[in-house]
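Here the structure comes first, spelled out in structure tokens, and everything after it is commentary.
In the text below, chain A, chain B and the rest are named by the order of the sequence lines, each starting its count at 1.
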2 protein chains.
Amino acid sequence: MADLTVPVATDRAFSGAEWAGRGNEPIWDVIELLFFAYRDFIGDPDDVLAKLGFGRAHHRVLHFVNRNPGMKVAELLDVLKITKQSLGRVLKQLIDQGYVVQKEGANDRRQRLLYVTAKGETLAMKLAGLQTARIAGALSELGPNAHEVACRFLTAMINADHRDAVLRFIARADRARRARG
Amino acid sequence: MADLTVPVATDRAFSGAEWAGRGNEPIWDVIELLFFAYRDFIGDPDDVLAKLGFGRAHHRVLHFVNRNPGMKVAELLDVLKITKQSLGRVLKQLIDQGYVVQKEGANDRRQRLLYVTAKGETLAMKLAGLQTARIAGALSELGPNAHEVACRFLTAMINADHRDAVLRFIARADRARRARG
DNA sequence: ACGGTTAGGTCAGCCATGTTGACATATTTA
DNA sequence: TAAATATGTCAACATGGCTGACCTAACCGT
């Protein structure tokens with residue numbers, strides 16, 4: 001196991017005395033706050049999705065297709081890290097109900113490139129709006145550089161061996177979105 | 001633990017509720033970084049648990065019982081926000097395999113107060129150690145007050161109407177742990 | 001002492017979403 | 001033309017949520 005004896009001595013605002021002189025005590029506050037925060041974070045979309053007969057799996061697919069129009073099925077599988085059987089189930093429902101469409105690849109006609117429809121984009125943006133409202137509310141309670149610090153913290157929480165790939169993926173979607181307008 | 005309650009700014013730029021309809025772009029980076037970071041965060045424990053035939057549900061139960069020895073079943077249900085049938089399934093396995101024990105309440109003999117065994121504490125601390133290693137590694141890449149900012153951000157991401165209850169819950173577990181030593 | 005409430009347990013079944021393994025089809029590529 | 005690739009699909013299974021119904025034991029107020 002990695003060395004847990006991490007010097008965090010300069011921060012006492014949240015950790016306080018339970019750290020002092022111990023060295024091996026888990027960082028309980030972040031562990032538990034992440035649990036509660038993430039649960040609420042996905043709770044808002046869950047409520048909307050439930051009314052449509054969808055679940056979180058549908059949300060994830062819709063989100064990434066909306067963010068990366070023309071995405072290949074293989075790319076989506078790689079991002080979600082689920083099997084194609086699991087993806088197939090929810091993707092089929094999204095397609096059948098008109099939230100996502102597939103187009104044959106221009107270069108490679110085996111590919112089924114994924115796009116959201118107008119209906120799909122509306123839902124994806126509604127869900128992203130709920131999550132953004134929560135994030136914006138949280139950031140506005142903190143200092144002006146809270147957004148940057150939050151991003152750096154979350155980035156550093158990602159496995160080092162695919163951190164860069166994640167950042168490139170996010171940046172690529174941002175560039176594509178700006179280019180589309 | 002120090003007071004985690006963050007004073008709510010009354011004059012912030014825009015509240016969550018005001019966000020929608022401004023034509024603003026969603027905060028894609030935080031949305032997606034949260035997804036990837038949380039997945040990796042729970043991935044480490046998952047691997048350990050899988051070898052024992054346990055899943056995330058067992059982890060959550062073990063975690064909170066370890067953090068709050070003598071917890072009532074009803075309290076655990078309230079924290080996890082699952083049904084007693086769902087809890088019963090995993091709790092029974094943890095008890096049968098000697099990770100958790102139940103003791104009759106001293107005042108109210110209907111209560112089955114929950115405690116981890118030595119075996120249970122060992123596992124709980126191992127899992128918390130994995131998550132702490134990740135968190136400590138992330139915080140060490142950032143500035144000296146990153147821990148405080150991360151906690152404030154995560155706290156602000158929790159639903160306002162139970163934020164204080166969560167903070168009190170965390171603080172109570174910390175105090176009890178310090179008292180035990 | 002009794003009757004209602006509370007703490008907790010349990011059975012039965014359903015749903016969502018993950019898994020493996022095997023196989024099919026179309027298309028590209030060497 | 002043969003192999004590799006992109007995708008889809010069938011079947012079976014596991015986990016961990018859920019509802020509804022029903023049970024015991026213990027507490028508590030009258």
* Rounding to a whole Å, what distance do you find between Leu77(A):CG and dG8(D):P? -> 9 Å
* Asked: Within the structure shown, what part of the strands sits under 4.0 Å from Arg89(A) by heavy-atom distance: base, sugar-phosphate, or nothing?
  -> base
* Take the protein atom CG of Leu91(B) and the nucleotide atom P of dT10(C), then report the distance between them rounded to whole Å. => 10 Å
* To do: Determine the minimum heavy-atom distance between Met157(B) and Leu34(B), stating which atoms define it.
  => CE-CD1, 3.8 Å
* From CG (Leu127(A)) to OG1 (Thr122(A)), nearest 0.5 Å -> 11.0 Å
* Rounded to the nearest angstrom, tell me the gap between atom CG in Leu114(A) and atom P in dA6(D). => 14 Å
* Asked: Has Gln102(A) got a side-chain N or O lying under 4.0 Å from the OP1 or OP2 atom of dG8(D)?
  -> yes
* **Rounded interatomic separation in angstrom, taking NZ from Lys103(A) and C1' from dT7(D)** => 19 Å
* For Thr83(A) and dG18(C), is the shortest distance between a side-chain N/O and OP1 or OP2 below 4.0 Å? -> no
* Could you label the plane-to-plane angle of the Tyr99(B) and Phe54(B) rings as parallel, tilted or perpendicular, counting under 30° as parallel and over 60° as perpendicular? => perpendicular
* Asked: Looking for any heavy atom pair under 4.0 Å, which part of the strands does Lys84(A) touch: base, sugar-phosphate only, or nothing?
  -> base
* Asked: When all nucleic acid strands are considered with a 4.0 Å heavy-atom cut-off, which category describes Gly88(B): base, sugar-phosphate, or nothing?
  -> nothing
* Structure fact -> Ranking dT17(C), dG8(C), dT7(D) by distance to the side chain of Lys72(A), first place goes to dT7(D)
* His58(A) side-chain N/O to dA16(C) phosphate OP1/OP2 under 4.0 Å -> no
* To do: May I have the distance from Leu49(B) (atom CG) to dA14(D) (atom P), rounded to whole angstrom?
  => 19 Å
* **Base dG20(D) paired with Gln85(B) side chain (donor-acceptor, <3.5 Å)** => yes
* **N or O in side chain of Ser86(B) less than 4.0 angstrom from dC18(D) OP1/OP2** => yes
* To do: Could you tell me how the ring of His59(B) sits relative to the ring of His63(B): parallel (under 30°), tilted (30 to 60°) or perpendicular (over 60°)?
  => perpendicular
* For Asn66(B) and Met125(B), what are the C-alpha separation, side-chain angles and deciding distance, and is it a side-chain contact (heavy atoms from CB on, under 4.5 Å)? -> CA-CA 8 Å; Asn66(B) 178 54; Met125(B) 293 303 281; 3.8 Å; yes
Close N or O pairs between protein and nucleotides 27-30 of chain D (under 3.5 Å):
residue : atom : partner   : partner atom : Å
dC27(D) : OP1  : Arg109(B) : N            : 2.9

* Ion pair check, Arg180(B) and Glu25(A), cut-off under 4.0 Å -> no
* Asked: Rounded to whole angstroms, how far apart are CG on Leu76(B) and P on dG17(D)?
  -> 11 Å
* Atom-pair distance (CD1 on Ile82(A); P on dT19(C)), nearest Å -> 7 Å
* Is Arg60(A) near enough to dG18(C) that one of its side-chain N or O atoms lies under 4.0 angstrom from OP1 or OP2? -> yes
* To do: Please work out which of the three classes, parallel, tilted or perpendicular, describes the rings of Phe169(A) and Phe64(A), given edges at 30° and 60°.
  => tilted
* Between atom NE2 in His59(A) and atom P in dA16(C), what is the gap in whole Å? -> 18 Å
* Asked: When you match Lys92(B) and Glu104(A) each to their closest nucleotide on DNA chain C, which lands nearer the 5' end?
  -> Lys92(B)
* If we only count heavy atoms from C-beta on, is the Met71(A) to Val79(A) side-chain gap below 4.5 Å? -> yes
